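Protein chains get the first letters and strands the later ones, always in sequence-line order, with residue 1 at the start of each. For clarity, every value in this text was computed on a predicted model and none was experimentally measured.
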There are 2 protein chains.
Amino acid sequence: MSAVDKAFHGLRHMIATGRLGPGDRIPPEAELGEELGVSRGPLREAVRMLAALGVVEPRHGSGTYVSQLRPEDVIGSLSLTLELLPLSGLLEVYEIRRVLEAHVAAKAAARRTPETVKTLYSLIESMEATEDPTEASELDHRFHAEVARAAENPTLASLLAVFRARSRKYQVFTLPEGPEMRRKSDADHRVLATAIADRDPGAAAGAAEAHVAQTERWLRAFMPPVEETDGGPEDAPS
Amino acid sequence: MSAVDKAFHGLRHMIATGRLGPGDRIPPEAELGEELGVSRGPLREAVRMLAALGVVEPRHGSGTYVSQLRPEDVIGSLSLTLELLPLSGLLEVYEIRRVLEAHVAAKAAARRTPETVKTLYSLIESMEATEDPTEASELDHRFHAEVARAAENPTLASLLAVFRARSRKYQVFTLPEGPEMRRKSDADHRVLATAIADRDPGAAAGAAEAHVAQTERWLRAFMPPVEETDGGPEDAPS
DNA sequence: CGGCCGGGAGTCATCTGATGACTTTCGCTG
DNA sequence: CAGCGAAAGTCATCAGATGACTCCCGGCCG
């Protein structure tokens, strides 16, 4: 086992067993390195790995701290790399998103508060009022985030936030057909908000699923088709 | 921007723009460090971060290579940290899993091949035959993985695999009540496999959802209730 | 007495140089 | 032509030194 692995698993074990809890500061590099039997170089590399995964957070001059270990902390690490995936993978992500958006919409409809409804309509009006595609995209994100928040599952909400961030990179609203898409999208939002306001989970799920499916169709239509690399049946050469 | 950030984002950018593609070997440390304007220390830390996220893979003595960038490569990085989450977060994960397992079951029922059905029943028979809880858990995992595979969405399949791995850590089958749970679980599997064999998506979804919900109830029942840390309303002190 | 401010200790960030371990390639030998 | 061994290339690790930043504490001033 390499020195980096020793440090990585050692540190992870200290957190898993509770010796280090959320918010704790881990020992200084020199001290921890001696305890784990590695020098500072590999130890720092292991700490960076855990930082990339959202488990710890180094603060220059202060120390390195264990994160709160909320599900969103760990899931957020995906956002840095999900956009490196090829388009074919993105379509698979859309399928997941469609299922989960439908679920959170239904749950939001069942649990909504008056404040949620008010916020949703407020966001819709802002969306319909703006001309800036970037601002519209931002408001769209907040609208769906609000629906997810109302479903009362922060893990699911942050997972969907990551998926949406990946999709937003494509900026479909800036295309020539953008304004037309915008109007359709706005109409979808009204249908969804109304279903939630009516406490109608079935309608909300249907509206959310249709909305995502629509976005997915736009992406299929305006992005290059998935290309066969060349040797179809081959698997990962590893 | 720190040297590590410069190296991390620089390298990530080289991959995002296609200058480095899946399977490519990245330049040697000395050379890349000079190009990015950082010394070897921070560069190595940045490479380790990308390695932890499943984007690159260093091979001692040979070089560092970009991964295939399949969705499962990136999602797999979650498995190292998901088990650090507290139990409260786990229940939220179960809700996601319930929705997604229902979806893959329905899709598997719609697309199943005779081979899939044969494999599923073969796994069920092995499960019912064994006494070893560890082996049973392994077979259970393979059964659900086969269902997910039949749904033809590798991203979703690997996401569910990560979620299941987190759940398996609890080894509920080793409890005194284990054998009884095992029989219930086996019965669930038969219902699900039959629904898939009958090409009945609705029944398959219902069976899968009920199966996950059952597991979830066992976990709630036999694990300590979620404890309030003490100062309820406080948020992350950041 | 209280708030502001400066200094010092503690900690992470970075650079440099050197050595070891492992893989791959290529030329030599039989 | 096959096998093998040496050499080059590359990552892995260690050590030491310096810089940058944060935090706390004690003194000073109002």
Side-chain angles (χ1 to χ4, degrees), chain A residues 1-12 14-15 19-68 73 77 80 236-238, chain B residues 1-12 14-15 19-68 73 77 80 236-238:
Chain A
M1 177 181 284
S2 74
V4 174
D5 283 355
K6 224 183 345 178
F8 181 81
H9 288 109
L11 205 41
R12 181 163 154 276
M14 289 170 77
I15 296 171
R19 179 168 158 196
L20 289 174
D24 285 355
R25 189 175 71 176
I26 73 177
E29 290 177 352
E31 188 180 326
L32 188 55
E34 189 176 5
E35 175 179 339
L36 296 173
V38 302
S39 86
R40 281 183 48 228
L43 173 60
R44 284 181 57 79
E45 293 177 24
V47 168
R48 288 290 185 187
M49 290 172 71
L50 287 168
L53 295 169
V55 175
V56 303
E57 177 191 350
R59 298 183 204 165
H60 191 170
S62 171
T64 299
Y65 300 79
V66 179
S67 82
Q68 293 302 314
D73 295 325
S77 69
L80 287 173
S238 176
Chain B
M1 178 182 283
S2 74
V4 175
D5 283 355
K6 227 185 342 181
F8 181 81
H9 287 109
L11 206 41
R12 182 162 152 276
M14 289 170 76
I15 297 171
R19 179 168 159 196
L20 289 173
D24 286 354
R25 187 176 74 178
I26 74 177
E29 289 176 354
E31 188 180 325
L32 188 55
E34 188 176 4
E35 175 180 339
L36 296 174
V38 302
S39 84
R40 282 178 40 239
L43 174 60
R44 284 181 58 79
E45 293 178 25
V47 168
R48 287 290 185 187
M49 290 172 71
L50 287 167
L53 295 170
V55 175
V56 303
E57 176 191 350
R59 298 181 202 165
H60 190 170
S62 172
T64 299
Y65 299 80
V66 179
S67 83
Q68 293 301 313
D73 295 325
S77 68
L80 287 173
S238 177

Where do B:V56 and B:I15 land on the side chain to side chain contact (heavy atoms under 4.5 Å, CB included) test, with the steps shown first?
CA-CA 10 Å; B:V56 303; B:I15 297 171; 4.2 Å; yes
How many Å lie between CG on B:L32 and P on D:dT10, as a whole number?
12 Å
Only counting residues at least two apart or in another chain, list the ones meeting side-chain hydrogen bond (donor to acceptor under 3.5 Å, both in side chains) with B:S62.
B:Y65
Give me, pair by pair, the N or O atoms of the protein and of nucleotides 11-17 of chain D that are less than 3.5 Å apart, along with how far apart they are.
| unit_1 | atom_1 | unit_2 | atom_2 | d |
| --- | --- | --- | --- | --- |
| D:dC11 | OP2 | B:E29 | N | 3.0 |
| D:dC11 | O2 | B:H60 | NE2 | 3.4 |
| D:dA12 | OP2 | B:R44 | NH1 | 2.9 |
| D:dA12 | OP2 | B:R44 | NH2 | 3.2 |
| D:dT13 | OP1 | A:A3 | N | 2.4 |
| D:dT13 | O4 | B:R40 | NH2 | 3.0 |
| D:dC14 | OP2 | A:S39 | N | 2.9 |
| D:dC14 | OP2 | A:S39 | OG | 3.0 |
| D:dA17 | N6 | A:R40 | NH1 | 3.3 |

May I ask you to decide if B:G54's main-chain N or O and B:S77's side chain share a donor-acceptor pair within less than 3.5 Å?
no
Which protein N or O atoms sit under 3.5 Å from an N or O of nucleotides 6-8 of chain C?
none

Just jot down the side chain to side chain contact (heavy atoms under 4.5 Å, CB included) partners of A:S39, sequence neighbours excluded, or say none.
A:P42
Show me the donor-acceptor pairs within less than 3.5 Å that the side chains of residues 3-12 of chain B make with the rest of the protein, sequence neighbours left out.
| unit_1 | atom_1 | unit_2 | atom_2 | d |
| --- | --- | --- | --- | --- |
| B:H9 | ND1 | B:D5 | O | 3.2 |
| B:R12 | NE | A:L80 | O | 2.7 |
| B:R12 | NH2 | A:E83 | OE2 | 3.3 |

Can you name the salt bridge (charged side-chain N to carboxylate O under 4.0 Å, His left out) partners of B:E34, sequence neighbours left out?
none
Under the rule for side chain to side chain contact (heavy atoms under 4.5 Å, CB included), what residues qualify as partners of B:E57, not counting sequence neighbours?
B:R59
Going by salt bridge (charged side-chain N to carboxylate O under 4.0 Å, His left out), name the pairs with one or both residues in residues 20-32 of chain B, residues two or more places apart or in two chains.
B:E29-B:R40, B:E29-B:R44
